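Shown next, in structure tokens, is the structure this report addresses.
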Amino acid sequence: MKQLKWLLLFLLAFATATVSASKIKRHTFAISNGTFLYDGKPINIHSGEMHYSRVPAPYWRHRIRMMKAMGLNTVATYVFWNYHETAPGKWDWKSENRNIREFLKICQQEGMMVILRPGPYSCGEWEFGGYPWWLQREKALEVRTYNRAFLDSCRAYIGELANQTRDMQITHGGPIVMVQVENEFGSYVSQRKDIPLETHKKYELAIKQMLLDAGYDVNLFTSDGSWLFKGGALEGVLPAANGEDNVDNLKKVVNEYHGGVGPYMVAEFYPGWLEHWNEPFPRVSTENVVKNIRNYLDNDVSFNFYMIHGGTNFGFWPGANYSNDKNIQPDLTSYDYDAPISEAGWNTPKYDALRALMQQYLKHPLPAVPARIPVISMPHVKLDKTVDVLSVLEQQPGVENDMPLTFEQLGQGYGYVLYSRHFNQPISGMMRVPGIADFGVVYVNGQKVGELNRVTGCDSMQVDVPFNSTLQILVENFGRINYGARITQNNKGIIAPITIDGGEITGQWNMRGLPLSEMPDLCKLQAGYQPGRAVLYGATFSLDKVGDTFLDMSGWGKGIVFVNGFNLGRYWKVGPQQTLYLPGCYLKKGENRIVVFEQLNDTKQTELNGVTEPVLDRLVKQK
């Protein structure tokens with residue numbers, strides 16, 4: 001009887017699964033005669049870029065519906081390798097915002113096609129362009145080139161990703177219609193002329209083959225500026241142009257590299273632009289955006305808004321750029337991007353203008369714009385707990401070495417490291433720290449005496465260390481470079497010798513890590529406070545309703561904020577960002593906990609509050 005019972009249950013489950021599978025309507029997608037074909041009919045891709053890693057998972061559907069209500073039919077997303085390989089060989093596809101399968105399922109349920117951009121290099125203003133930090137620890141490994149150790153790591157990543165997404169391709173009944181090979185590789189080729197073009201091509205072809213071997217059988221494409229196709233385009237792979245607003249040039253270049261025919265696609269059209277700390281918030285006019293999209297629509301050019309919705313660089317995930325006159329340009333916590341859909345998911349005037357334009361070209365009426373997620377102001381949170389960070393760190397044994405060690409040498413990816421050196425004899429003079437990466441607070445015998453700042457180029461200061469005293473530098477990793485040739489120079493901490501009055505300081509350096517990978521439990525730490533020293537502020541607060549809010553950090557110095565265990569990201573008084581986005585899904589009715597790590601602590605804080613509007617464009621000049 002038991003065997004019969006189990007057989008009946010099995011047959012019932014099998015029948016249910018079969019019926020469920022039969023309800024999934026299968027579609028086709030192809031490129032033929034220079035045209036995209038969906039179910040055999042010509043279609044243009046009207047896509048918006050949104051990165052699931054930058055948006056709380058409970059809000060994914062809302063943001064996708066916002067795209068659909070603007071007239072888009074496709075979602076494009078990067079997959080950031082380092083977001084999923086959380087430690088060497090340890091993969092996470094479930095926690096926080098990492099469930100890519102669920103994201104893809106929601107896209108499909110909402111009737112959206114998906115463009116997958118797996119890298120392995122992504123850029124995207126993301127920490128190290130998506131590469132895991134520990135790749136730099138292997139001496140034989142060089143990123144982004146035809147290097148056996150690096151290619152082996154890429155193969156492992158692509159294999160793991162394929163296990164999550166292979167069956168989510170349209171060829172298997174899923175929503176993925178195209179997969180990108182590498183990313184903006186033509187740009188990298190133009191910057192790394194020290195590497196032969198043949199070697200560059202071998203690398204890019206190796207990545208393409210890995211994708212094929214892993215089971216990606218939809219159409220592949222590359223993405224570059226049209227003037228960089230020579231370095232980035234591959235034979236038999238559709239070349240898409242980034243930022244191209246000249247339709248005639250787009251068609252000419254694509255025809256040259258794709259057998260004389262289209263289809264024609266702008267893989268990254270920029271309705272906004274990225275933002276850095278200590279720089280003005282850039283704006284892109286609505287008029288220019290609408291003008292360009294109208295031109296694409298009139299000429300049957302497919303396009304992808306980068307970004308349609310930027311979201312947030314939570315935690316330690318923001319990357320950094322650089323320029324000829326700035327050694328590093330760290331990206332903001334907010335990835336609002338001046339995009340049509342704001343960081344909090346609101347429709348902007350740019351969104352409304354584009355929606356009206358798209359409706360003119362579509363035969364079906366657009367769905368209504370989804371309502372905003374509720375927004376609340378948060379009552380003044382009284383900060384009633386403080387912990388002196390230096391005192392906590394000084395209780396740790398640390399690592400000793402004759403020279404300061406980098407984060408990578410210490411086995412730490414993110415956060416902070418306290419570098420200490422005791423002097424038996426007095427020493428004074430100009431201290432030079434040319435290897436500060438990236439921000440340091442300097443103490444002598446626990447008293448703050450200055451700051452080092454790679455962003456502004458301040459890598460030296462006068463110091464006076466008395467007899468039998470200790471020099472300390474609390475160093476912050478402000479995000480690894482994500483774009484350009486310097487991506488291969490991405491160590492953090494103190495990465496070059498320190499000198500005082502011209503003499504190199506060696507011997508008995510002690511390094512204590514403060515990764516802050518989790519929200520500190522202040523109840524387990526001894527209370528303490530000293531002005532000018534890094535401090536942990538903590539509090540509990542109660543809410544009778546939850547909603548999105550924006551923490552007002554304009555009166556603070558520099559640091560990070562945790563709420564209910566989640567790292568919201570960095571703040572810095574210089575701006576232009578003065579608020580931190582706190583999604584309502586990370587709050588709870590009743591008791592909530594907050595911890596603020598304040599590096600500078602020039603002014604003691606007593607309370608914190610949440611406001612209903614973000615402030616992302618208030619730049620404060622440093623003295």
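Heavy atoms only: backbone and side chains are in, while hydrogens, waters and symmetry mates are out. None of these values were measured; they are calculated from a predicted model.
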Straight-line distance of I106 CD1 to R65 CZ, nearest 0.5 Å
9.5 Å

Does either side chain, that of T165 or that of Y216, offer a donor lying less than 3.5 Å from an acceptor on the other one?
yes

Would you say the rings of F303 and F305 are close, in the sense that their centroids are separated by under 6.0 Å?
yes

Do the side chains of K139 and E408 get close enough for a salt bridge, i.e. N-O under 4.0 angstrom?
no

Would you call the rings of Y270 and W273 parallel, tilted or perpendicular, where under 30° means parallel and over 60° means perpendicular?
perpendicular

Using 0.5 Å steps for rounding, measure from the OH atom of Y157 to the CZ atom of F80.
9.5 Å

So, Y335 and E343: side-chain donor and acceptor under 3.5 Å apart, yes or no?
no

Applying ring-ring contact (aromatic ring centres under 6.0 Å, His included) between H51 and each of W317, Y306, Y337, report the one that passes.
Y306

Atom pairs and distances, side-chain donor-acceptor, residues 284-291, under 3.5 Å, sequence neighbours left out:
from: S285; atom 1: OG; to: N288; atom 2: N; distance (Å): 3.2
from: S285; atom 1: OG; to: N288; atom 2: ND2; distance (Å): 3.2

How long is the straight-line distance from CG of N99 back to NZ of K94, given to the nearest 0.5 Å?
5.0 Å

Distance-only criterion, 3.5 Å: show the donor-acceptor pairs between side-chain atoms of residues 149-156 and protein atoms not counting sequence neighbours.
from: D152; atom 1: OD1; to: R155; atom 2: NH1; distance (Å): 3.1
from: S153; atom 1: OG; to: A149; atom 2: O; distance (Å): 3.3

Any ion pair linking E268 and R117 (charged N to carboxylate O, less than 4.0 Å)?
yes

Test of ring centre spacing under 6.0 Å for F407 and W133
no

Minimum heavy-atom distance between E127 and F316, given as atom pair plus value
CB-O, 4.1 Å

Treating D224 as the side-chain partner and F185 as the backbone partner, does any N or O pair qualify as donor plus acceptor under 3.5 Å?
yes

Answer with yes or no whether the side chains of Q329 and E279 bring together a donor and an acceptor at under 3.5 Å.
yes

Under 3.5 Å, is there a donor on one side chain and an acceptor on the other for D245 and N295?
no

Examine the side chains of Y59 and R63 and answer whether a donor and an acceptor come within less than 3.5 Å of each other.
no

Of K492, R480, K326, R570, the one forming a salt bridge (charged side-chain N to carboxylate O under 4.0 Å, His left out) with D438 is K492

Polar side chain donor-acceptor pair, N82 to E85, under 3.5 angstrom:
no

Any side-chain donor near an acceptor of the partner, N304 and E49, under 3.5 Å
yes

Atom CG in N249, atom OG in S226: separation rounded to 0.5 Å?
4.5 Å

side-chain contact (heavy atoms from CB on, under 4.5 Å) evaluation trace for I115 with S47
CA-CA 8 Å; I115 294 173; S47 174; 4.3 Å; yes

Mind checking whether F128 and Y131 have parallel, tilted or perpendicular rings, split at 30° and 60°?
perpendicular

What's the separation between atom NZ in K208 and atom NZ in K201, rounded to the nearest 0.5 Å?
10.5 Å

